[in-house]
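For the single chain, residues carry numbers from 1 onward in sequence order. First listed ligand is number 1; within each ligand, the first listed atom is number 1.
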Amino acid sequence: LRVAVLISGRGSNLGALIAAQRRGELPIEIVLVASNKTAAEGLRLAEANGIATLALDPASQPDRARYDAELFARVGAFAPDLIVLAGFMRVLDAAVLAPWAGRIINIHPSLLPKYAGLHTHKRALAAGDTVHGASVHFVTAELDGGPLLACSEITIEPGDSPDTLAQRLLPREHALLCRCVQWLAQGRAEWRDGTVHFDGVPL
Ligand code: GRF
């Protein structure tokens, strides 16, 4: 499976995909790593692994819609079968997402549909939740709102801060994302006319 990964920063989720692929656990080829941040560390990681990179600075485009169109035109030129948003911190225009329906996923650090958007750890703590987690979902025009593929749950411990929660969650995000990409690469998980199917059965 040809995979393009979009990042905005550290790229630890990207790193997990690269490591899993190298261990032979993921039948994928990461054909491109693209970022809206020219200084994203994850771009260095990709280069160190011989993966093509693309950094497109939003300042280089006249407006948001044109930026998204340009970014996705360039990503599309690599003919990915799947686009993975992994720490990609930009809301994408519905127009560019439509052609990729069922072929673009995102990992989000909350138990969706709770806490779409930012500051998820702080919000879970403020709500007094006892569980937290990460979710992988198919990307639609609704921010962090597309059909869920899988979640991974952790408990919130007394004394947890947003940082300790984020730290404990991150390795679980990595495992969850790798598992979801594996299922998609194996054809076990798939998107069929707007519904996620697993082993041929709608979730
Ligand atoms: C992660 O918590 C991810 O869930 C969120 O951005 C954070 C950084 O991800 N979307 P990464 O280390 O850049 O992969």
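- I7 does not count as a contact of ligand 1, since none of its heavy atoms falls under 4.0 Å from the ligand.
- For R66 and E70, the salt-bridge test fails: no basic side-chain N is under 4.0 Å from an acidic carboxylate O.
- Nearest protein heavy-atom contact of atom 13 (O) of ligand 1 is G11 N, 2.9 Å.
- Nearest to atom 6 (O) of ligand 1 by heavy atom, out of A40, S8, G87, is G87.
- Residue D129 is tested with L111, T155, I156 for a side chain to side chain contact (heavy atoms under 4.5 Å, CB included); the sole match is I156.
- Those atoms of ligand 1 that come under 4.0 Å of a heavy atom in I107, given as number and element, are 4 (O), 10 (N).
- No more than 12 heavy atoms of other residues, nucleotides or ligands sit less than 6.0 Å from atom CZ of R179.
- In this structure a side-chain-to-backbone donor-acceptor pair under 3.5 Å is missing from N106 to V139.
- Against a heavy-atom cut-off of under 4.0 Å, P109 is close to the following atoms of ligand 1: 4 (O).
- Counting protein heavy atoms only, atom 11 (P) of ligand 1 is closest to S12 N, 3.4 Å.
- The hydrophobic clustering, which links ILVMFWY residues whose side-chain heavy atoms are closer than 4.5 Å, places L176 and L82 together.
- Looking at atom 9 (O) of ligand 1, its nearest protein heavy atom turns out to be N13 ND2, 3.6 Å.
- Among all non-hydrogen protein atoms, the one lying nearest atom 7 (C) of ligand 1 is R10 NH2, 3.9 Å.
- Ranking the protein heavy atoms by distance from atom 1 (C) of ligand 1 puts E173 OE1, 3.3 Å first.
- D68 and R90 are joined by a salt bridge, as a carboxylate oxygen and a charged side-chain nitrogen come within less than 4.0 angstrom of each other.
- A donor-acceptor contact shorter than 3.5 Å is absent between the side chain of D81 and the backbone of L1.
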